[in-house]
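In what follows, residues are counted from 1 in the order of the sequence shown.
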Amino acid sequence: MHGKAVRYVTRSTAAGTVATAAAALAASIIFSPAADASARLDGVHADLARAVQLHQITEEQAARFESKIAGRILGEA
């Protein structure tokens, strides 16, 4: 019976560690500075290039979407 109690404590400690790590990650994302517009556009471009490479979208779709997103991002700046 003692062995089961030890396993329970170990599992609950592991769950607490995961929850703590998740909370720390969420806080780092929330409190990190927002990326500037050019960095955001670089990320969008890279993501769309990867989608084209994987044949998920066409080059034309990527270009139209990137143009639309650029207008929104630059409109916020």
Side-chain angles (χ1 to χ4, degrees):
M1 192 160 209
H2 179 66
K4 289 182 182 179
V6 171
R7 275 189 247 141
Y8 175 76
V9 170
T10 302
R11 286 183 188 152
S12 92
T13 302
T17 302
V18 170
T20 301
L25 176 62
S28 71
I29 291 169
I30 291 169
F31 295 116
S32 66
D36 66 336
S38 65
R40 291 173 66 190
L41 289 174
D42 289 344
V44 168
H45 180 77
D47 289 346
L48 290 172
R50 179 77 174 145
V52 169
Q53 183 182 24
L54 295 172
H55 304 289
Q56 295 173 333
I57 60 174
T58 66
E59 288 184 26
E60 294 79 18
Q61 288 171 322
R64 282 194 312 267
F65 187 69
E66 186 171 356
S67 175
K68 184 185 289 187
I69 293 298
R72 290 182 183 174
I73 290 173
L74 295 174
E76 292 174 3

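- The side-chain contact (heavy atoms from CB on, under 4.5 Å) with Lys68 is formed by just one residue from the set Arg64, Glu66, Arg72; it is Arg72.
- In this structure, OG1 in Thr58 is found 13.0 Å from CZ in Phe65, a value given to the nearest 0.5 Å.
- Applying the side-chain contact (heavy atoms from CB on, under 4.5 Å) criterion to Leu41, with sequence neighbours excluded, gives Ala70, Ile73, Leu74.
- Atom CD of Gln56 and atom CD of Gln61 lie 11.0 Å apart (nearest 0.5 Å).
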Carefully, step by step, assess Leu48 and Ile57 under the rule side chain to side chain contact (heavy atoms under 4.5 Å, CB included). CA-CA 8 Å; Leu48 290 172; Ile57 60 174; 3.8 Å; yes
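- Distance check, rounded to the nearest 0.5 Å: NE2 of His45 to OG of Ser38 gives 13.5 Å.
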